[in-house]
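Everything numeric here is computed off the predicted structure, so don't read it as measured data. Order of listing sets the numbers, starting from 1, for every ligand and every atom in it.
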Amino acid sequence: MDKIDLDDYIEQQIKTIQQTVGDKRVLLALSGGVDSSVCAALISKAIGDQLTCIFVDHGCMRLNEGDQIAHLFSKMKLQFIRVQAAARFLKKLKGVTSPEQKRKIIGEEFIRVFEEESRKLGTIAYLAQGTIYPDIIESGGKSGPTIKSHHNVGGLPKNLDFKGIIEPLSGLYKEDVRIVGRKLGLPADLVNRQPFPGPGLAVRVMGSVTHKKLELLRRADHIVRQEIGKLKKKPQQYFAILTNTRSVGVKENHRTYDHVVAVRAVVTDDFMSCGCSPLPHSLLSQISSRIVGEIPAISRVVYDITAKPPATVEWE
Ligand code: XMP
């Protein structure tokens, strides 16, 4: 894709949104991540209070993340609604182990919740999403093979109640989306956030997803982000994965058989290809001893040293 002028891109998108939407209303799927937040800022610039943002809390967010998102957006000039839907998502995910299945289920449930919420709000013609260019490519949207279905592309059911879908960022790579966010005046800590998959920790819990496993992962992930976050020069993305493996260990002279957590930290320009971050050994040791020391149900920590390709960033 050729380099594009982002000021032109913003102007063009604003015009297109205004022409498409007219005097109708738009409902935005706000996850609190970079993409949907920038999407919210762009659309609200185009159509103001015709935009309503709904944050579906699917219960697969990181530690305290739901509350932080609610706090941040309720201060902004847009209509913000938080839907607490964790129980509903977990019920649908019960016993599901296939990553593609998880993505499809979460994608469909997302849309169902939006349909229900939009009905409560009266007539809303358009659904907006923060889909970016790599989402489309990796979901086989152009000519390539399907690597995986991103929740905001592959999971869409056919019988949507909305008149149309608006995806103003679908021509942009991640770094351009951040620049657009800055140009639109979003706060730095929001614009510089690490990417986070739409299906959230559901794709970082290997195998079936339960509330208990999510809680374990949230705590381990918090430690990983706290420790790596202290680095001056941080990798572009870093997080924990709850593997579907248990391993023998020994704690206080007792044999244990507990969870194995993996740490992923990648360096990249565009997330299409990535290298493993050469984290200092002392940092990895600190992460490991904190995780096994603070979370009794985890007994082993491994570091993922694989590049993308052939591995993806997310384990799934
Ligand atoms: P992969 O795992 O494909 O991830 O190497 C590339 C980047 O995309 C993020 N990612 C997602 N972002 N919706 C998103 O908005 C998704 O469903 C999704 N899945 C992966 C991933 O975290 C990485 O930064």
Asker: Is it possible for you to check whether Arg225 lies under 6.0 Å from the centre of the six-membered ring of Phe239, through NZ or CZ, and within 45° of that ring's axis?
Answerer: no

Asker: For ligand 1, find out whether one of its N or O atoms is nearer than 3.5 Å to an N or O atom of Gly198.
Answerer: yes

Asker: Any idea which part of Arg103 is under 4.0 Å from ligand 1, heavy-atom wise: side chain, backbone, both or neither?
Answerer: side chain

Asker: State the atoms of ligand 1, each with its element, that fall below the 4.0 Å cut-off from a heavy-atom position in Pro195.
Answerer: 24 (O)

Asker: Within the supplied structure, the quantity of interest is the number of heavy atoms (other residues, nucleotides, ligands) at a distance under 6.0 Å from Lys45 NZ; does it exceed 12?
Answerer: no

Asker: So which residues get pulled into Val248's cluster when ILVMFWY side chains under 4.5 Å apart are joined, directly or through others?
Answerer: Tyr257

Asker: When you measure from the centre of the six-membered ring of Tyr126, is the NZ or CZ of Arg25 under 6.0 Å away and within 45° of the axis?
Answerer: no

Asker: Between Gln237 and ligand 1, which part of the residue brings a heavy atom under 4.0 Å of the ligand: side chain, backbone, both or neither?
Answerer: side chain

Asker: In terms of side-chain geometry, is the basic nitrogen of Asp7 or Lys183 positioned less than 4.0 Å from the acidic oxygen of its partner?
Answerer: yes

Asker: Phe271 versus ligand 1: do any nitrogen or oxygen atoms come within less than 3.5 Å of each other?
Answerer: no

Asker: Under 4.0 Å between a side-chain nitrogen and a carboxylate oxygen: does that hold for Arg82 and Glu117?
Answerer: no

Asker: Run down the list Glu314, Glu316, Gln236, Gln194 and name the one with the heavy atom closest to atom 22 (O) of ligand 1.
Answerer: Glu314

Asker: Out of Gly107, Ser31, Pro197, Gly200, who gets a non-hydrogen atom closest to atom 12 (N) of ligand 1?
Answerer: Pro197

Asker: Between the main-chain N or O of Pro235 and the side-chain N or O of Ser277, is there a donor-acceptor pair closer than 3.5 Å?
Answerer: no

Asker: Counting heavy atoms only, name the option from Val203, Ile132, Val313 that's nearest to atom 4 (O) of ligand 1.
Answerer: Val313

Asker: Select one of side chain, backbone, both or neither to describe which atoms of Pro199 lie under 4.0 Å from any atom of ligand 1, heavy atoms only.
Answerer: side chain

Asker: Looking only at distance, does Lys308 have an N or O less than 3.5 Å from an N or O of ligand 1?
Answerer: yes

